[in-house]
Amino acid sequence: MENTYCIIMAGGVGSRFWPMSTSKKPKQFLDILGVGSTLLQQTYERFESICLPQNIFIVTNIDYKTIIEEQLPQLNPTHILVEPLRRNTAPCLAYATNKIHKLNKNAVTIVAPSDHLILNQDAFKKAIKSCVIKAKEDNCLVTIGIKPTNPDTGYGYIQFVNSTAVEQDKNMYKVKTFTEKPTLEIAQQFIDSGDFLWNSGIFIWTTKGFLNALELYDEPLATRFKAGEKIYGTDKEAEFLTKAYTDSKNISIDYSLLEKANNVYVRSSVVGWSDLGTFGSLHAHIKQDKFQNALIGKNIVQYDCNNCLVNVPNEKLVVMQGLNDYIVVESKGVLLICKKQDEQLIRNFVNDVKVHKGEQFI
C-alpha cells in the first residue's frame with residue numbers, strides 16, 4: 001500500500017454544467033448531487049481507503065489551488081500540483097508522474113478524474129486492486145472499462161480481445177482499439193458486438209512503466225518533463241513548468257500514448273460509474289418524484305411537469321407549470337431554461353454569453 005499513489009485530475013472547466021459550473025468554480029468543486037459534499041471531496045474520500053492519504057496528489061489549474069485547500073484542508077498543500085496552463089491530460093500526467101517517480105521509483109499510480117460518480121465502492125476497490133497487481137507484475141498500462149448499458153454517444157469506447165496470457169482476473173483483457181464518441185449507429189454496433197466497453201478515464205500503471213512508454217510513443221513530451229527531475233520540489237519548479245507547458249501540445253493521454261502503445265489492458269467492471277458529463281446523466285442519479293422530476297432546492301413548486309431536472313438555491317422560490325423534459329437551473333443570478341434533448345447546445349450558450357454579455361456570467 002505504501003507504494004500505491006493516486007493522481008486526481010481537477011483542472012477541468014465543466015462548461016456543460018453552466019450556470020452551476022463556472023470558470024471560477026467548475027463542477028468538481030460543487031455539490032451537484034445535493035448530498036452535502038462536492039465531487040472532489042467524494043473522489044478524495046474514495047481513494048483514502050485505497051491508498052495512504054499522504055500518497056494522494058491533485059493536479060489542477062493555478063486558479064483553483066485555493067478552492068482545493070479550502071475543500072480538502074487535510075491534504076498536504078505540497079500535494080496540490082499546479083499547472084500554469086491548460087494543456088489536456090498528457091502534459092498533466094507527464095508532470096505528475098515524473099514528480100511521484102522522483103519520490104518513489106517503485107510507485108504505482110492510479111489516475112482518476114475528480115468529477116466522476118462511483119456508486120459501488122466495494123466493486124471499485126476490487127477492480128482497482130486487480131489493476132494494480134496487473135500493472136506491477138506485467139509492467140503494463142491498465143484502464144478501467146465500464147460495461148455499457150446503452151449506445152451512449154457521449155462516451156469513448158474501448159475494444160478488447162482475449163489475451164493469450166492466462167489472466168488471474170477473468171475480467172482483464174488486452175486492448176485492441178480506442179474510439180472517441182461515435183455516432184449512435186456505430187455505438188449500437190459496438191454494443192451488439194459484445195467486445196466494447198466505455199472508457200472511464202481511470203488509469204493504473206507504475207511510474208516506471210508509464211515513463212518508459214511515454215519515451216517510446218511521445219518522446220518530446222517525455223523529454224520535456226523528465227528534464228525537471230532535479231528541479232521538482234525546488235523554488236525553480238514553477239518557472240520550469242511555465243516553459244514546459246508553453247512548449248507542450250494540447251493533447252490527451254489517449255492520443256499521446258494509449259492509442260499507440262501495445263501493452264494496454266482493460267479491466268471490465270460494473271461499479272455504478274458515471275462521468276456526470278451532462279445534466280441528463282446527472283438527472284439519472286438524483287432522487288426523483290413520481291413524475292420523474294429530479295429536484296434540488298427547498299422551494300420548488302411544480303404543476304403538470306414531467307421528467308425535468310431543477311436545481312436552484314434553497315432561498316429561491318420557483319413555480320413551474322407544464323414543462324416536460326426541461327432543465328431549469330439558477331445560480332448566482334443566472335437562469336438557464338433548456339430542453340433536455342438540446343443540452344449539447346449549452347457550450348454554445350456559454351460562448352455566446354461570453355461574447356455578448358461578458359465574462360462575469362461564465
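- More than 12 non-hydrogen atoms from other residues, nucleotides or ligands lie less than 6.0 angstrom from NZ of Lys102.
- Contact annotation: the side chain of Val59 never approaches that of Leu93 to less than 4.5 Å [non-hydrogen atoms, C-beta and beyond].
- Contact detail for Ile286 and Ile32: the closest heavy-atom pair is CD1-O, 4.1 Å.
- In summary, the side chains of Thr206 and Asn139 do present a donor paired with an acceptor at a separation below 3.5 Å, with no hydrogens or angles considered.
- A donor-acceptor contact closer than 3.5 angstrom is absent between the side chains of Ser268 and Asn171.
- Comment: Lys99 engages Glu237 in a salt bridge, judged by a side-chain N to carboxylate O separation of less than 4.0 angstrom.
- The aromatic rings of Phe124 and Phe47 lie perpendicular to each other, with more than 60° between the two planes, well past the 30° mark.
- Using modelled atom types and a 3.5 Å distance limit, the side chains of Gln28 and Ser114 yield no donor-acceptor pair.
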Requested in this report: Might you work through the side chain to side chain contact (heavy atoms under 4.5 Å, CB included) test for Ile202 and Thr143, ending with a clear yes or no?
Outcome: CA-CA 6 Å; Ile202 300 170; Thr143 182; 5.5 Å; no
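- Ring pair Tyr5/Phe57 is tilted by interplanar angle, where 30° to 60° counts as tilted.
- Donor-acceptor pairing under 3.5 Å is recorded for the side chains of Tyr245 and Glu83.
- When ring centroids are compared, Phe17 and Phe279 come within the 6.0 Å threshold.
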Report task. Dump the intermediate steps for side-chain hydrogen bond (donor to acceptor under 3.5 Å, both in side chains) on Asp325 and Asn307, then the final yes or no. Result -> CA-CA 5 Å; Asp325 300 304; Asn307 202 36; 2.4 Å; yes
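- A donor-acceptor pair shorter than 3.5 Å cannot be found between the side chains of Gln42 and Thr38.
- The SG atom of Cys131 sits 4.5 Å away from atom CE of Met172, with the distance rounded to the nearest 0.5 Å.
- In this structure, Ile251 belongs to a hydrophobic cluster whose other members, linked by side-chain heavy atoms under 4.5 Å apart, are Tyr255.
- Summarising the geometry, atom CG belonging to Asn88 is positioned 5.5 Å from atom OG belonging to Ser252; distances are rounded to the nearest 0.5 Å.
- Contact record, Asn98 with Lys226: OD1-CA, 3.7 Å, taken as the closest heavy-atom pair.
- Put simply, CD on Gln159 and NZ on Lys174 are 12.5 Å apart, with the number rounded to the nearest 0.5 Å.
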Report task. Mind running salt bridge (charged side-chain N to carboxylate O under 4.0 Å, His left out) on Glu315 and Lys298 for me, showing each step along the way? Result -> CA-CA 8 Å; Glu315 66 273 14; Lys298 291 184 177 180; over 6 Å; no
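- A distance-only check finds no donor-acceptor pair linking the side chain of Thr207 to the backbone of His101 [under 3.5 Å].
- Rounding to the nearest 0.5 Å gives a distance of 7.5 Å between CG of Asp169 and NZ of Lys126.
- Taken to the nearest 0.5 Å, the CG atom of Asn348 stands 6.5 Å off from the CG atom of Asp352.
- Aromatic ring orientation, Phe196 versus Phe190: parallel (interplanar angle below 30°, classes split at 30° and 60°).
- When all heavy atoms of Asp115 and Thr43 are compared, the closest pair comes out as N-OG1, 4.3 Å.
- A donor and an acceptor atom, one from each side chain of Arg347 and Ser15, are located under 3.5 Å apart.
- For the pair Asn3 (side chain) and Ala107 (backbone), a donor-acceptor distance under 3.5 Å is absent.
- Side-chain atoms of His116 never come within 3.5 Å of backbone atoms of Ser274 as a donor-acceptor pair (strictly under, hydrogens ignored).
- Note on Lys24 versus Asp63: no salt bridge recorded, every NZ/NE/NH1/NH2 to OD/OE distance being 4.0 Å or above.
- Ring pair Phe29/Tyr64: centre-to-centre distance below 6.0 Å.
- A donor-acceptor contact closer than 3.5 angstrom links the side chains of Asn306 and Asn324.
- Side-chain contact check for Asn263 and Asp138: no donor-acceptor pair (N or O, by modelled atom type) lies under 3.5 Å.
- In summary, Asp247 and Lys243 engage in a salt bridge, as defined by a charged side-chain N under 4.0 Å from a carboxylate O.
- Residue Glu69 qualifies as enclosed at atom CD: its count of foreign heavy atoms under 6.0 Å is above 12.
- A cation-pi arrangement is present between Lys134 and Tyr265 under the rule of less than 6.0 angstrom and at most 45 degrees off the ring axis.
- Taking the six-membered ring where the residue is Trp, the centroids of Phe203 and Phe210 are separated by 6.0 Å or more.
- The OG1 atom of Thr278 sits 9.5 Å away from the CD atom of Gln344 when rounded to the nearest 0.5 Å.
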